[in-house]
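Below, each value reflects all heavy atoms present in this structure, side chains not excepted, and no hydrogens, waters or symmetry copies. Here the structure is a predicted model, which is why all the values come from computation and not from measurement. Heads up: numbering here begins at 1 and tracks the sequence.
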Amino acid sequence: MLDTMGFFDEPFGHGEVSFTDVRVPASEVVAGPGRAFEIAQGRLGPGRVHHAMRMIGLAERALHLACERGLSRTAFGRPLVDLGGNRERIAEARIAIDSARLLILHAAWKLDRYGPAGAVSEVSAIKVAAPAVAQQVVDFAMQIHGGAGLSSDFPLAEAWTAARAVRLADGPDEVHKGTVARRELAKHGAAR
């Protein structure tokens with residue numbers, strides 16, 4: 001089993017698997033020989049929506065923890081929420097989460113309406129936006145928790161790691177940004 005920065009993706013993590021001399025009976029081949037990539041691509045869009053929705057939930061949990069910590073702890077005689085621009089950071093986190101959520105809803109709508117081929121850019125956009133928002137919100141929550149945010153006393157270190165890992169899963173951010181840019185430029189006559 002492989003860990004990610006010391007954490008295992010629940011429930012057990014991801015294993016490294018090696019196959020040698022494996023044969024699949026013709027009766028068990030899905031869709032037909034040579035169509036694995038096509039099948040995988042058809043599943044990636046909805047899978048990426050699932051990842052993005054999980055990242056919104058993770059960001060919501062982190063923001064909740066940040067608000068609770070900021071209201072319950074004091075420094076210099078004031079609640080943490082009233083220090084160092086923390087109220088603005090809370091507002092920015094809320095705005096970012098809600099913006100990403102609407103982007104995800106739009107991508108899901110496009111998938112439902114036009115299928116995977118009609119939502120390529122939108123799915124790539126949420127694949128970039130949602131984990132980036134989650135990582136940013138979790139980072140703020142870690143900051144407001146101080147050293148405790150890095151410990152296993154709170155779920156924040158694991159949450160940050162999960163968000164960072166999703167930025168690589170199903171292709172790194174750069175690949176998805178390239179997809180969005182290529183499709184946007186094509187609207188203006190650029191060759192793909």
Side-chain angles (χ1 to χ4, degrees), residues 1-17 43-108 111 122-177:
M1 300 308 290
L2 302 172
D3 69 292
T4 302
M5 300 174 85
F7 297 102
F8 289 97
D9 195 21
E10 293 299 334
F12 306 111
H14 297 285
E16 188 171 5
V17 181
R43 291 294 312 135
L44 281 174
R48 288 175 176 146
V49 171
H50 172 76
H51 283 310
M53 290 186 307
R54 282 181 36 240
M55 291 297 101
I56 293 302
L58 190 139
E60 287 284 5
R61 177 77 173 127
L63 181 56
H64 170 80
L65 291 170
C67 289
E68 292 290 316
R69 183 75 166 194
L71 289 167
S72 66
R73 302 284 289 222
T74 60
F76 308 108
R78 298 169 61 195
L80 293 180
V81 294
D82 292 332
L83 299 173
N86 285 331
R87 286 183 179 266
E88 289 82 4
R89 289 183 185 92
I90 289 167
E92 289 166 358
R94 170 50 53 213
I95 291 164
I97 291 168
D98 288 349
S99 297
R101 179 181 282 116
L102 288 172
L103 199 61
I104 294 164
L105 287 170
H106 177 68
L111 273 170
E122 290 79 8
V123 169
S124 285
I126 66 170
K127 176 60 183 66
V128 173
V133 165
Q135 194 176 7
Q136 182 179 20
V137 173
V138 171
D139 187 74
F140 162 64
M142 292 170 83
Q143 191 71 19
I144 207 164
H145 278 76
L150 301 174
S151 75
S152 59
D153 289 350
F154 294 92
L156 297 170
E158 187 172 0
W160 188 92
T161 301
R164 184 63 186 96
V166 171
R167 292 184 57 210
L168 292 171
D170 296 339
D173 289 357
E174 293 79 4
V175 170
H176 294 286
K177 287 178 182 179

Residues in side chain to side chain contact (heavy atoms under 4.5 Å, CB included) contact with [X], at least two apart in sequence or another chain:
{"X": "A75", "result": "L80, L83"}
{"X": "L168", "result": "R164, P172"}
{"X": "P79", "result": "V81, D82"}
{"X": "T4", "result": "T161, A165"}

Can you check whether F140's main-chain N or O pairs, donor with acceptor, with R89's side chain at less than 3.5 Å?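 No, because the side chain of R89 does not come within donor-acceptor range (under 3.5 Å) of the backbone of F140.
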Ignoring hydrogens and angles, tell me if any N or O in the side chain of K127 forms a donor-acceptor pair with the backbone of V166 under 3.5 Å.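 It does hold such a pair.
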If every non-hydrogen atom of A93 is compared with every non-hydrogen atom of V137, which pair is closest and at what distance?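 Where A93 meets V137 most closely, the heavy atoms are CB-CG2, 3.8 Å.
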State, to 0.1 Å, how close A163 and A134 come at their nearest heavy-atom pair, and which atoms those are.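 It is CB-CB, 4.0 Å.
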Report yes if some heavy atom in the side chain of L156 is under 4.5 Å from a heavy atom in the side chain of W160; otherwise report no.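 L156 vs W160: side chains apart.
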Would you mind listing every side chain to side chain donor-acceptor pair (under 3.5 Å) that reaches into residues 131-155, with sequence neighbours excluded?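 Pairs touching residues 131-155 that pass the test: Q135-R167.
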Selection residues 54-73 - residue pairs positive for side chain to side chain donor-acceptor pair (under 3.5 Å), sequence neighbours left out: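 Non-adjacent pairs meeting side chain to side chain donor-acceptor pair (under 3.5 Å): H51-R54, E60-R94, E60-R101.
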At what distance, to the nearest 0.5 angstrom, does CG of N86 lie from CD of E92?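 Answer rounded to 0.5 Å: 10.5 Å.
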How many angstroms lie between atom CD1 of I56 and atom CG of D98, to the nearest 0.5 angstrom?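 Taking CD1 in I56 and CG in D98, the distance rounds to 8.5 Å.
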ring-ring contact (aromatic ring centres under 6.0 Å, His included) partners for H106, two or more places apart: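 Once residues adjacent in sequence are excluded, the partners of H106 under the ring-ring contact (aromatic ring centres under 6.0 Å, His included) criterion are W109.
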